[in-house]
Asker: 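Have a look at this one before I ask anything.
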Number of protein chains: 2
Amino acid sequence: MRPGKNGKLALGPLPELVGYNLRKAQVAVFQSFQTAVAPHDITPGQFGVLIMIRENEGLSQSDLGTAVGIDRSTMVAVIDRLESRGLVVRAPSPNDRRSYALRLSPEGQSLMDDLIPRVQAHDQGMVKDLSPEEQVQFIDFLRRVSRAK
Amino acid sequence: MRPGKNGKLALGPLPELVGYNLRKAQVAVFQSFQTAVAPHDITPGQFGVLIMIRENEGLSQSDLGTAVGIDRSTMVAVIDRLESRGLVVRAPSPNDRRSYALRLSPEGQSLMDDLIPRVQAHDQGMVKDLSPEEQVQFIDFLRRVSRAK
DNA sequence: TATTGTTATACTCTATAACTATA
DNA sequence: TATAGTTATAGAGTATAACAATA
């Protein structure tokens, strides 16, 4: 019986590392998110992009990319996918003919109207084992770690 | 002046979501990790794989994949890379001729001897703005979220 | 000169399906 | 029959470099 066939493997110093636990929590949330919004087939990243377009109608692909931290060349395919699914519209920019003014289509808008409360409920479910005070603390800790460049 | 050119964009409900803050913290840790161990060119994922091999010498690729949550077909290229860099050895398994017994090479061992304290120091740095009590709490919260399937 | 969107290209990470050697 | 490693293939996500159109 070789190691790992039945029992657990040794993890060494990993369980004590913040980074390891952060990664595991993030994977858990990501997978759970997929299940929660499964009928709509939207990833957390796509949800973020759709939120940004919804909240900043008319923004350009470049500015969107800067905001979510991906290159403008990468953004092309991201918008291609959302546009081909009929969720996002590339409208001509009124004052700059090089760029697009991105906005949600009516389908995209109603998708988000449905999705936002669903995502918020899912998010609450991820911290259901934490008390309200602990939840506040947890988000505060996460923000402080993000800032600790 | 279109939105986003100078000021920040609106983020809508994102900043209140645990998942969003978790993702941001994880990205920050990942990038910082890369910088901290830059001379060795090791990703957090590779570090995890090397730790598992170090702590469970002789394990197979399949068992390793199961432990770190990736498919055995994906593990092939992961080990290929570490083997071609001279860090990991595919030794013949003594009792099953289908599988390999993975172990660190001497180079891999000394890399890890150097890397482990470096990673631990980096990890501490990520939570340097949290008090010792808060750090304990933080890891506890992360584990509870991981379990909240 | 600089910027926007795009394409070509490349690399990582990931999976499924099918193959082979073995169990 | 089942499992271990592999390959072929595919898709998402990421980047850099270069290009045309426009600023």
Side-chain angles (χ1 to χ4, degrees), chain A residues 1-6 9 23-24 26-27 30-31 33-34 37 41-50 53 56 58-85 88-103, chain B residues 1-6 23 26-27 30-31 33-34 41-49 53 56 58-85 88-103:
Chain A
M1 248 172 274
R2 66 185 191 290
K5 191 54 186 246
N6 17 11
L9 297 185
R23 168 69 180 162
K24 274 191 45 172
Q26 209 249 305
V27 167
F30 192 102
Q31 290 178 341
F33 183 102
Q34 300 282 43
V37 306
D41 192 29
I42 289 284
T43 65
Q46 288 172 332
F47 179 77
V49 164
L50 291 170
I53 296 174
N56 304 277
L59 89 170
S60 70
Q61 290 183 190
S62 288
D63 287 347
L64 176 53
T66 301
V68 304
I70 67 179
D71 191 85
R72 69 189 200 279
S73 69
T74 305
M75 189 54 72
V76 174
V78 173
I79 301 299
D80 280 352
R81 229 166 286 136
L82 296 173
E83 190 185 37
S84 72
R85 289 177 59 181
V88 165
V89 178
R90 280 177 164 117
S93 175
N95 44 343
D96 186 340
R97 287 192 298 171
R98 293 172 303 179
S99 66
Y100 295 122
L102 299 175
R103 58 177 177 73
Chain B
M1 246 171 278
R2 64 183 194 290
K5 190 54 187 248
N6 17 12
R23 169 69 179 161
Q26 209 249 305
V27 167
F30 193 101
Q31 290 178 341
F33 183 101
Q34 300 282 43
D41 191 31
I42 289 285
T43 67
Q46 288 172 331
F47 179 76
V49 163
I53 297 173
N56 305 275
L59 89 170
S60 70
Q61 291 184 190
S62 290
D63 287 347
L64 175 54
T66 301
V68 303
I70 68 177
D71 191 84
R72 71 191 199 279
S73 69
T74 304
M75 188 53 72
V76 174
V78 172
I79 300 299
D80 280 353
R81 230 166 286 138
L82 296 174
E83 190 185 36
S84 73
R85 289 178 58 183
V88 165
V89 177
R90 280 176 163 118
S93 174
N95 43 343
D96 185 341
R97 286 193 299 171
R98 293 172 303 180
S99 66
Y100 295 121
L102 300 174
R103 57 177 176 75

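Naming: A, B, ... by sequence-line order, numbering from 1 per chain. Computation of the quantities below employed the complete heavy-atom set of this structure, encompassing side-chain atoms and omitting hydrogens, waters and symmetry-equivalent molecules.
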Asker: Measure CG/A:D96 against P/C:dA2 and give the value in whole Å, please.
Answerer: 17 Å
Asker: For B:I79 and D:dT6, what is the distance between atoms CD1 and C1' respectively, to the nearest whole Å?
Answerer: 14 Å
Asker: State whether B:Y100 places a side-chain N or O below 4.0 Å from either non-bridging phosphate oxygen (OP1 or OP2) of C:dT22.
Answerer: no
Asker: Hey, what bend do you get for the helix from C:dT1-D:dA23 to C:dA23-D:dT1 if you fit axes on five pairs at each end, rounded to 10°?
Answerer: 10°
Asker: Please report the closest heavy-atom contact between B:Q46 and B:D41, naming both atoms and the distance.
Answerer: OE1-O, 3.8 Å
Asker: Detail all sub-3.5 Å separations between protein N/O atoms and N/O atoms belonging to nucleotides 13-15 of chain D.
Answerer:
{"unit_1": "D:dG13", "atom_1": "OP2", "unit_2": "A:R81", "atom_2": "NH1", "d": "2.6"}
{"unit_1": "D:dA15", "atom_1": "OP2", "unit_2": "A:D71", "atom_2": "N", "d": "2.9"}
{"unit_1": "D:dA15", "atom_1": "OP2", "unit_2": "A:T74", "atom_2": "OG1", "d": "3.1"}
{"unit_1": "D:dA15", "atom_1": "N7", "unit_2": "A:T74", "atom_2": "OG1", "d": "3.4"}

Asker: Considering non-hydrogen atoms only, spot the tightest contact between B:S60 and B:S99 and give its length.
Answerer: CB-CB, 4.3 Å
Asker: Taking atom CG of B:L64 and atom CG of A:L9, what is their separation to the nearest 0.5 Å?
Answerer: 8.0 Å
Asker: Side-chain contact test, heavy atoms from C-beta onward, threshold under 4.5 Å: evaluate it for A:Q26 versus B:V27 and give yes or no.
Answerer: no
Asker: Could you state the CE-C1' distance from B:M75 to D:dT3, rounded to the nearest angstrom?
Answerer: 16 Å
Asker: Provide, to the nearest angstrom, the distance between the CG atom belonging to B:L64 and the C1' atom belonging to D:dA4.
Answerer: 13 Å
Asker: Atom CG of A:D80 to atom P of C:dA8: distance rounded to whole Å?
Answerer: 13 Å
Asker: Given B:I53 and B:I79, is the side chain to side chain contact (heavy atoms under 4.5 Å, CB included) satisfied, shown in steps?
Answerer: CA-CA 11 Å; B:I53 297 173; B:I79 300 299; 4.3 Å; yes
Asker: Taking the side chain as everything from C-beta on, heavy atoms only, tell me whether B:Q61 gets closer than 4.5 Å to B:V78.
Answerer: no
Asker: A:F30 has an atom CZ; how far is it from atom C1' of C:dC13, in whole Å?
Answerer: 12 Å
Asker: Please examine the side chains of A:V88 and A:V49, heavy atoms only from C-beta on, and report whether any two atoms are closer than 4.5 Å.
Answerer: no
Asker: So, taking the atom named CD in A:Q34 and the one named CD1 in A:I42, what distance separates them when rounded to the nearest 0.5 Å?
Answerer: 9.5 Å
Asker: Separation of B:I42 atom CD1 from C:dT12 atom P, in whole Å?
Answerer: 13 Å
Asker: With respect to the side chain of A:V76, which nucleotide from D:dA21, D:dG5, C:dG5 is positioned closest?
Answerer: C:dG5
Asker: Tell me, which pairs form a salt bridge (charged side-chain N to carboxylate O under 4.0 Å, His left out) where one or both residues lie in residues 71-84 of chain A, sequence neighbours left out?
Answerer: A:D80-A:R90, A:E83-A:R90
Asker: Determine: side-chain N/O of B:R97 to OP1/OP2 of C:dA21, distance under 4.0 Å, yes or no.
Answerer: no
